[in-house]
Structure formats: structure tokens, C-alpha cells
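Step one of this worksheet: look at the structure below.
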Amino acid sequence: MVIDEMPWNAPVTIEEIRADRGLLPTCPGLYVFTNYAGILTKNTGVLYIGKAKSFRTRVSSYLTDPTKILLFSPKKKDQKLSRSLRHTGKTLLLTEIQQRSRFATSGIWLRWMKHDIPAELEGILIEYFEPAFNTSLNPRTRK
């Protein structure tokens, strides 16, 4: 399968998803946040690539109001940083979404592809697209 020709859904804006989370399927697969609505190609503004057991659950976590994100884990005994903030790439993407949301439109688009075993493809896509906010698997940001 040629990466540029993978079966992604049509791009959907963050605003559309915020208005109707039902647009997101509950199946597993891969998702891509971009700053454009065009065809996914190398070096064209891919922000973040991830995998999910349920798109609806995972993507909804990126749309959390920043005032409602807990700094520490909600467990009484656990003083660890909240899971949402322990993942550097997710924190960077959350910040970008919130910064852009202060304007009329965020200019962030989401695409997804249903796939039963997304872990196999996630690393390949991160290496190919070199997204700005993936930190652990991206050759540009990995040290």
C-alpha cells in the first residue's frame, strides 16, 4: 500500500467534531491532525499521528477545555502528573488546538483510517510524515 494513497476519511474540522462527537466512529484505527484540508502527503503540515481503540474516546480527549484538565492524577494517593499531561506530543497538540480555538476557526483538521492493528502502521506513518508534535517515534525530534 502506498502511504499517500491510504484510505483516509474526508477531513473534518475540530469545530465540526466539537459540535457533533457522533461524527467520530467508535472503531480502532489511526488518526492524523493536520493544519490543512488537502491530501495527506509528506512535508505538508501534519501535526500529530496517533492510534486509538476508539476514535471517539481518544479524539474527545484532545478537545478537553484546558480549564478542566487536572494537573495531577485524580487518584487520592497518586501525586503523579495527569495522564493527559505526561504525553509531550499530546500536551503540545492540546496547546495548539486551544491557541487556535481562541480565533473564529482553529484551522486544525482531523482524518482517520479504520484499521484493526493500528500499532503496526503508526511508526511507519510517523517516520514518513514527520509530524510536528510526535516526539518519541519522530526521527526529527528523537534524540
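- Counting heavy atoms from C-beta on, the side chains of Val32 and Leu110 never come closer than 4.5 Å.
- Side chain of Arg58 to backbone of Ala52: no donor-acceptor contact under 3.5 angstrom is found.
- In terms of modelled atom types and a separation under 3.5 Å, the side chain of Thr44 and the main chain of Thr41 share a donor-acceptor contact.
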*Trace of the side-chain contact (heavy atoms from CB on, under 4.5 Å) decision for Tyr36 with Val46*: CA-CA 8 Å; Tyr36 67 100; Val46 172; 4.2 Å; yes

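- Contact record, Phe55 with Leu24: O-CD1, 4.2 Å, taken as the closest heavy-atom pair.
- The CH2 atom of Trp109 lies 8.0 Å from the OG1 atom of Thr34; values are rounded to the nearest 0.5 Å.
- Between Pro7 and Met113, the closest heavy-atom pair is CD-SD, 3.5 Å.
- Two residues are said to be in side-chain contact when any heavy atoms from C-beta on lie closer than 4.5 Å; Ile14 and Phe33 meet this criterion.
- Contact between Ala37 and Pro11 at its shortest, heavy atoms only, is O-CG, 3.2 Å.
- Without hydrogens or angle criteria, Glu127 side chain to Ile124 main chain gives no donor-acceptor distance under 3.5 Å.
- In plain terms, the two heavy atoms of Gly50 and Glu122 that are nearest each other are CA-OE2, 3.6 Å.
- Residue Ile49 is tested with Leu125, Leu121, Leu40 for a side chain to side chain contact (heavy atoms under 4.5 Å, CB included); the sole match is Leu125.
- Looking only at side-chain heavy atoms (C-beta outward), Lys114 and Pro25 come within less than 4.5 Å of each other.
- Without hydrogens or angle criteria, Arg111 side chain to Asn9 main chain gives a donor-acceptor distance under 3.5 Å.
- Judged by a 6.0 Å distance limit and a 45° cone about the ring axis, Lys51 is not positioned over the six-membered ring of Tyr31.
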*side-chain contact (heavy atoms from CB on, under 4.5 Å) between Phe129 and Ile3: does it pass, once the steps are laid out?*
CA-CA 9 Å; Phe129 288 113; Ile3 290 177; 3.8 Å; yes

